[in-house]
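The structure appears right after this line, and notes come after that.
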Amino acid sequence: MVDTTPLTQAVDHFADRLRAAPQSRLQRGAAAEALTLARELVRRAQAVEEPGAEPREMPDAGMFAVADQILVAAHDLAVVLRSEDEVAEAVRVVEEARERAGV
């Protein structure tokens with residue numbers, strides 16, 4: 001079993017920062033960046049779980065829900081990761097999204 005703690009910690013940190021961010025920051029792009037991340041994490045999990053299937057897209061549940069959306073998407077991905085390299089790649093994706101979001 002692969003240790004996904006680094007992914008969980010990175011996503012928890014990003015989600016906490018989103019929850020603490022002012023509405024104006026969310027509106028200026030942080031929420032959109034988080035939704036893009038959630039959709040990417042879901043896409044990656046689905047590619048492992050259902051190779052070749054048409055990916056489903058996570059809906060836009062609004063700027064105040066994106067913290068929860070990235071947590072759910074990361075949890076789904078963590079369940080299917082098979083190597084430390086895959087975990088490291090997922091952490092990199094999360095950290096880059098957090099930086100782009102500016103939170």
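Partners of Glu99 under the side-chain hydrogen bond (donor to acceptor under 3.5 Å, both in side chains) rule, at least two apart in sequence or in another chain, do not exist in this structure. Looking at residues two or more places apart in sequence or on another chain, you find a side-chain contact (heavy atoms from CB on, under 4.5 Å) between Val72 and Asp76. Qualifying salt bridge (charged side-chain N to carboxylate O under 4.0 Å, His left out) partners for Glu40, counting only residues two or more places apart in sequence or in other chains: Arg43, Arg44. Legend: residues meeting side-chain hydrogen bond (donor to acceptor under 3.5 Å, both in side chains) with Arg100, ordered by chain and number and at least two apart, are Glu33. Under the rule for a side-chain hydrogen bond (donor to acceptor under 3.5 Å, both in side chains), the partners of Glu89 that lie at least two apart in sequence or sit in another chain are Arg92. The side-chain hydrogen bond (donor to acceptor under 3.5 Å, both in side chains) search around Gln46 returns none, not counting sequence neighbours.
Ile70 and Val42 fall into different hydrophobic clusters, where Ile, Leu, Val, Met, Phe, Trp and Tyr are joined by side-chain heavy atoms under 4.5 Å apart, directly or via other members. Under a hydrophobic clustering in which Ile, Leu, Val, Met, Phe, Trp and Tyr are joined whenever their side-chain heavy atoms come within less than 4.5 Å, directly or via other members, Val87 and Leu77 fall into the same cluster.
Using a distance-only test at 3.5 Å, with no hydrogens or angles considered, a donor-acceptor pair links the side chain of Glu86 to the main chain of Arg82.
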For residues 53-64, which side-chain donor-acceptor pairs fall under 3.5 Å, sequence neighbours excluded?
| residue | atom | partner | partner atom | Å |
| --- | --- | --- | --- | --- |
| Arg56 | NH1 | Glu50 | OE1 | 3.2 |
| Arg56 | NH2 | Glu50 | OE2 | 3.4 |
| Glu57 | OE2 | Arg39 | NH2 | 3.4 |
| Asp60 | OD1 | Gly62 | N | 2.9 |

Without placing hydrogens or testing angles, list every side-chain donor-acceptor pair under 3.5 Å for residues 8-30, not counting sequence neighbours.
| residue | atom | partner | partner atom | Å |
| --- | --- | --- | --- | --- |
| Thr8 | OG1 | Thr4 | O | 3.3 |
| Arg19 | NH2 | Asp68 | OD1 | 2.5 |
| Arg25 | NH1 | Gly102 | O | 3.1 |

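When all heavy atoms of Leu81 and Ala90 are compared, the pair lying nearest together is CD1-CB, 4.5 Å.
Inter-residue side-chain proximity for His75 and Val79 is flagged as met; some heavy-atom pair is nearer than 4.5 Å.
Expressed to the nearest 0.5 Å, how far CG of Leu7 lies from CD of Glu95 amounts to 10.0 Å.
Residues Asp3 and Thr5 have side chains that bring a donor and an acceptor to within less than 3.5 angstrom of each other.
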